[in-house]
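Below is one structure, written out as structure tokens; comments come after it.
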Protein chains: 2
Amino acid sequence: MRREEPLTRSSQDYLEAILNLSEREQNVRITDLANHLQVTKPSATGMVKVMSKQGLLQHDKYGPIQLTEEGAKQAHLVRQRHRALKDFLVHILGVPHKTAEKEACLMEHSISMDTSERLYLFLRENLTK
Amino acid sequence: MRREEPLTRSSQDYLEAILNLSEREQNVRITDLANHLQVTKPSATGMVKVMSKQGLLQHDKYGPIQLTEEGAKQAHLVRQRHRALKDFLVHILGVPHKTAEKEACLMEHSISMDTSERLYLFLRENLTK
DNA sequence: CAATTATGTTAGGATTGACTAACATCAGAA
DNA sequence: TTCTGATGTTAGTCAATCCTAACATAATTG
């Protein structure tokens, strides 16, 4: 059972948000998600429905949201890219945290796994930490 | 007469394409633009119409496309970002040209002028060239 | 100049992802 | 348990951007 549809910008954002939220609270709800992503609840409901159909998460009416195995896997990849980009912006370029956060959020959808890994290695070598 | 509407992803792509094309041929036509951006001619016509209304370019029915002063200014900024990103990907990370081109194209919409300038400086210092 | 080919436009839809308004359900307090 | 406020869903829109099919104009060439 392979995933066909590529992740959209939006679904990546949703995945990452759900992953982050699920590490802080044991139940991720539509409202949390909507707040986190700055969208309205109906928007979150709609997207969750789509992602559920794509097998990225599990959600029953009025219930909590849970990533599937596939969803979690993808979410981790997305987050890894996000972090690498943010680290680059903050620690290499000196971009302020807030801006870096915002821009990493946008950029993360544009880079391939390969590039993400290269960035990762680059950071390893250049972050005196 | 200031511009209100922020540039969208698409309009940035169009601006950059028009700028590049206009440096190679003295007349930029709808078809060139459509080919360059891999969209159909009706799509190009439509977007050109919108951008014309926004004062980014000038275009009469069946005529050539020309950037306005404002459009050209924006186009240069977009292209500068694009180039900085591509250079980074190719020369710092070692991403293959083709991939770098594609990804720079996507990323360029996500970074601010400020970040773009930082990247520029970083490249100056780190490209032994 | 007439016919053909290249170029451009219009009309009509599809899709993505957001929104508001209104309704439904749930959970905690009186 | 009933009421109420928090949470979730449905229905209906909207805007951006793309598309295809069909038509219109321009340019080239026999």
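What you see below is based on every heavy atom in this structure, not just the backbone, and it leaves out hydrogens, waters and symmetry mates. Quick note on labels: first sequence line is chain A, next is B, and so on, each numbered from 1.
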Residues [X] and [Y] bridged, charged N to O under 4.0 Å:
X: A:R83; Y: A:E16; result: no
X: A:E103; Y: A:K98; result: no
X: B:D13; Y: B:R9; result: no

Listed pairs, N/O of protein and of nucleotides 15-18 of chain D, under 3.5 Å:
residue, atom, partner, partner atom, Å
D:dT17, OP1, B:T8, OG1, 2.8
D:dT17, O3', B:S10, OG, 3.4
D:dC18, OP1, B:S10, OG, 3.2
D:dC18, OP2, B:Y14, OH, 3.4

Problem - N/O donor-acceptor pair under 3.5 Å between B:R29 side chain and B:P64 backbone - result: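 Checking the backbone N and O of B:P64 against the side chain of B:R29, no donor-acceptor pair under 3.5 Å is found.
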Exercise for the section: Give a yes or no answer on whether the side chain of A:S11 reaches the backbone of A:L7 with a donor-acceptor pair at less than 3.5 Å. Expected result: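 A pair under 3.5 Å: no.
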Exercise for the section: Verify the ring-centre separation between A:F88 and A:Y120: is it less than 6.0 angstrom? Expected result: no
Exercise for the section: Might you work through the side-chain hydrogen bond (donor to acceptor under 3.5 Å, both in side chains) test for B:H82 and B:Q12, ending with a clear yes or no? Expected result: CA-CA 11 Å; B:H82 179 113; B:Q12 289 181 49; over 6 Å; no
Completion exercise
With B for base contact, S for sugar-phosphate-only contact and - for none (protein heavy atoms under 4.0 Å), nucleotides 3-9 of chain C reads ----BBB
